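Read the structure below first, then the notes.
None of these values were measured; they are calculated from a predicted model. This chain uses plain numbering: 1 for the first residue, then up along the sequence.
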Amino acid sequence: MPTVLGASFDLFRANEMTTIFGNPGSTELPMLADFPSDFRYVLGLQEAVVVGMADGYAQASGRTTVANLHTAPGVGNAMGAIFNAQANHSPLLITAGQQVRAQMTLQANLTNRDAIRMPHPLVKWAYEPARAEDVPLALAHGLHLASMPPRGPVFVSLPMDDWGVEVDDGDAREVIARRVSGRAVADPDSIRALAERLADASNPVLVAGPDIDAAAGWEAAIGLAERQRLPVWATPAPGGGRIGFPENHPNYRGVLPPAIGPVAQTLEGHDLILVVGSSVFPYYPHIPGPLLPDGAELVAITSDPDEAARAPMGDAIVADVGLSLAALLEAVPESSRPAPEENEGPQELPASDPLNSSTVHSALAEVFPEDGIIVLESPASTLALRNQLRLSRPGSYYFSSGGGLGFGLAASIGVQLAQPDRPVVCVLGEGSAQYAITAFWSAVAHDAPVTFLVLNNAEYAILKWFADVEGVTGAPGLDLPELNVAAVAAGYGVSSRRASGRDEVRDALATALASSRPELVEVPVEPGMSLF
Ligand SMILES: Cc1ncc(C[n+]2csc(CCOP(=O)(O)OP(=O)(O)O)c2C)c(N)n1
C-alpha cells in the first residue's frame, strides 16, 4: 500500500508540480524525506521569500505551485506575500507542517493552534485533514481549487506524523488521476448583447487588465481593438500586475490614473467603457469625483465573481477572460469608426546628474531583449518604466497587484525558474529590495540568472508624493541614506556593481543580461517621482 508521502508526491507529479518552494523546519522534514530526484526543492531563507518566489513561478508557468512553510511562525512570516498572491490571482498550494497528532491537543511546542484560521482572509480555502489518510485528497482539493478562477492561494496544514501512514491504493489512484478544468465560457446571449452595445456606441474604449495575460487573451484583445477601432488604456498601475495589451500598439493610449476623479476625467468623451480582466478599478489614493464620465456606460468581463459584485458602477460578465474576448471578437462587426489617433512614443529626456529614473529606463530599453521579462518594484518609477519600455509581448511584466513590498525581488527568481529561456530583469527601489533581501541568496543557489537593476534615490520617494497628496507635513522615516544594495547583494554571492552615467548604466546592463549568472547594477538616481 502507498504511504501518504508517496501518494502526495504522485499527485504533485501528475499535476506537473515538481518544483517545490520551501523553508524547512523540524515539522516539515518528514515531508522532505527521500526527496524524489525528479523534483526540485527551491530553498528560500525566509517564508515571505518562499511565497514570493512561488507566486512568480506560478504566474509565469501558469501552474499551481507548492510553497511549504514552517508551521505557525512560517505562515506568520509569509502573510504579506500571501496577501500579494491573492491579489495577483496566483494559484498557490501553501502547506505548513504541524505537530504530531498525538501532541496537538496538549499544544506541544510548535503546535499551530488555529492553523486554519491563521491565513484565513487571504486564502480561498484553509484546511487541516481530519485523518492522515485524507492528506492526498485534501491536497488535491486544494490544488484544484487554487487553479480555478479566480485563481489564488489555498492552505493545507499537515501534521508531521501523517506522511508515513498507509493509504488505500485504489482511493489514491482515483484522486491522482482526476483533472478539473475551470475555464467557463460566457453565456452567448450576453456576448451577443455586448457586441451590439459595442457596435452601436459612438466612441467606445477598452481598458485592458492583468487577467488578459493570465488567460492568454492578447491576440483576441488586439483583434477586438483593431476591428472595433478601440483606443486602449491599461488598468491603473496599482492593480496592473500584468500587461494585457501591447504598449507599442498604435491604439494604446497609456496607463489609467489610479483614482476615481482622474479615471473619469481621462475617459471623458467615451460613451462605452469595456473593462477586461481587471477590477473596476484598483483605485488609490482617494481623489473623489464622478465614477464615470457624463453619459458613459461600463461593462466589465472578469473571471472573478467578487470583482464583478463589488464594482461600484457598470455591468459585469463573469467568465474566462480569454475565451470571452475570443467570442466577442467573433461577434463584433468591422467598425467604420476612424482609427484612434496614433500614440506618440516615449518622450525625449534631458540629461541630469545623478540620472533621473526615466533616463535609466531609457538606457535599459536600449539593451532590453525582445523576449525579456520585467519584474518591477520601484514605486516612484513604475510609470516611467511602462512609458520607456513599451512592453509588447505576452508574459513580459509582473508587478504586485497587492502592493505589499517584497514581491519583486522574490518573484523575479520564480519567474526566471519558470521561464529559463527568457532573460528576466528585476527593477527595484533600494527601499523595496530590503523586504525580500535574502532572495539574493536563492538566485545564486538556484542558478537564476536574473539581472537586478536597483534605483537608489536614498528615500521612500513615493511616500513623499503620498504625503503631498494627503496634506501631511513633517512625517519622519522617509529618508534612506547610506543604503548600499550592491554591497549587500555581493554578500549573498551576486556579482554586483554601481554605475552612474547613462552609457555606463547601459553597458553594465548589457553585460549583466549577457551573463549566465545573477548580476546586479545599482544606480544612484535623483530623488522624487519619475512619470515619463
Ligand atoms: C510590506 C510593505 N510595507 C510598507 C509599504 C509602504 N511603502 C510603499 S512604497 C514604499 C517605499 C519603497 O521604497 P523604494 O523602493 O526606495 O521606492 P521609491 O518610492 O523611492 O521608488 C513603502 C515603504 C508597502 N507597500 N509594503
Side-chain angles (χ1 to χ4, degrees), residues 16-24 35 38-63 65-68 78 81 84-85 88 90 92 242 364 367-369 371-378 395-400 405-428 432-454 485-486 488-497 508-522:
E16 296 179 80
M17 297 162 66
T18 54
T19 296
I20 294 180
F21 295 83
N23 184 263
F35 197 73
D38 58 328
F39 277 68
R40 163 166 68 171
Y41 184 81
V42 179
L43 176 61
L45 302 186
Q46 203 265 16
E47 287 84 353
V49 170
V50 171
V51 172
M53 290 194 297
D55 184 345
Y57 188 88
Q59 289 194 67
S61 68
R63 290 199 299 275
T65 300
V66 181
N68 183 230
N84 283 334
N88 291 337
S90 192
L92 297 185
R242 297 172 73 156
L364 171 62
V367 295
F368 190 69
D371 58 346
I373 298 176
I374 291 286
V375 183
L376 179 62
E377 196 168 278
S378 164
S396 296
Y397 177 83
Y398 298 92
F399 176 90
S400 172
L405 298 178
F407 167 83
L409 173 43
S412 69
I413 296 160
V415 169
Q416 182 71 85
L417 294 176
Q419 295 287 342
D421 298 329
R422 294 182 64 178
V424 174
V425 177
C426 176
V427 180
L428 299 167
S432 299
Q434 309 310 317
Y435 295 78
I437 197 84
T438 64
F440 283 130
W441 182 89
S442 298
V444 175
H446 297 288
D447 296 321
V450 175
T451 295
F452 297 101
L453 168 61
V454 177
V485 183
V488 176
Y492 285 107
V494 176
S495 313
S496 302
R497 56 175 295 187
L509 288 170
T511 305
L513 277 159
S515 163
S516 55
R517 293 171 35 82
E519 307 246 352
L520 180 142
V521 180
E522 180 171 24

Legend entry - Qualifying residue for side chain to side chain contact (heavy atoms under 4.5 Å, CB included) with Pro423, from Asp371, Val450, Ile373: Asp371
Counterpart residues, side-chain contact (heavy atoms from CB on, under 4.5 Å), relative to [X] (two or more places apart):
| X | result |
| --- | --- |
| Gln434 | Ile437, Leu483, Val485 |
| Leu43 | Asn23, Pro24, Tyr41, Leu45, Trp441, His446 |
| Val444 | Val494, Pro518 |
| Phe399 | Leu376, Thr382, Tyr397 |

Closest heavy-atom contact between [X] and [Y]?
| X | Y | value |
| --- | --- | --- |
| Gly408 | Leu428 | C-CD2, 4.2 Å |
| Gly44 | Val49 | CA-CG1, 4.4 Å |
| Ala54 | Ala67 | CB-CB, 4.0 Å |
| Ser496 | Ala489 | OG-CB, 3.6 Å |

Inset, instruction - Could you list the residues that satisfy salt bridge (charged side-chain N to carboxylate O under 4.0 Å, His left out) with Asp38, not counting sequence neighbours? - result: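 Asp38 satisfies salt bridge (charged side-chain N to carboxylate O under 4.0 Å, His left out) with Arg13 only.
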Legend entry - For Arg497, salt bridge (charged side-chain N to carboxylate O under 4.0 Å, His left out) partners two or more places apart: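 Scan of Arg497 (salt bridge (charged side-chain N to carboxylate O under 4.0 Å, His left out), adjacent residues dropped) gives Glu504.
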Legend entry - Straight-line distance of Ser378 OG to Leu453 CG, nearest 0.5 Å: 8.0 Å
Legend entry - CG-OG distance between Asp447 and Ser442, expressed to the nearest 0.5 angstrom: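 The CG atom of Asp447 sits 11.5 Å away from the OG atom of Ser442.
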Inset, instruction - Please step through side chain to side chain contact (heavy atoms under 4.5 Å, CB included) for the pair Val51 and Leu92, ending with a clear verdict. - result: CA-CA 8 Å; Val51 172; Leu92 297 185; 3.9 Å; yes
Inset, instruction - Would you mind listing every salt bridge (Lys or Arg N to Asp or Glu O under 4.0 Å) that reaches into residues 510-522, with sequence neighbours excluded? - result: Arg498-Glu522
Inset, instruction - Kindly write out the residues that satisfy side chain to side chain donor-acceptor pair (under 3.5 Å) with Thr65, not counting sequence neighbours, or none if the list is empty. - result: none
Legend entry - Partner residues of Glu47 under the side chain to side chain donor-acceptor pair (under 3.5 Å) criterion, sequence neighbours left out: Asn77
Legend entry - Flag, side chain of Glu377 to backbone of Leu405, donor-acceptor distance under 3.5 Å: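 The answer is no, because no donor-acceptor pair under 3.5 Å joins these two groups.
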Legend entry - Heavy-atom side-chain contact between Leu364 and Val427 under 4.5 Å: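 Yes; the side chains approach each other to less than 4.5 Å.
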Under 3.5 Å, side-chain donor or acceptor atoms of residues 409-419 against the rest of the protein: list the pairs with distances, not counting sequence neighbours.
unit_1	atom_1	unit_2	atom_2	d
Ser412	OG	Leu409	O	2.8
Gln416	OE1	Val424	N	3.4
Gln416	NE2	Gln419	O	3.2
Gln416	NE2	Arg422	O	3.0
Gln419	NE2	Ala60	O	2.8

Legend entry - Asp55 and Asn84: side chain donor to acceptor below 3.5 Å: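 Side-chain D/A pair, Asp55 to Asn84: absent.
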Legend entry - Worked check of side chain to side chain contact (heavy atoms under 4.5 Å, CB included) between Thr19 and Phe39: CA-CA 6 Å; Thr19 296; Phe39 277 68; over 6 Å; no
Legend entry - Counterpart residues, ring-ring contact (aromatic ring centres under 6.0 Å, His included), relative to Tyr57 (two or more places apart):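 Counting only residues at least two positions away or on another chain, Tyr57 forms a ring-ring contact (aromatic ring centres under 6.0 Å, His included) with Phe21.
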Inset, instruction - Kindly write out the residues that satisfy ring-ring contact (aromatic ring centres under 6.0 Å, His included) with Phe452, not counting sequence neighbours, or none if the list is empty. - result: Phe440
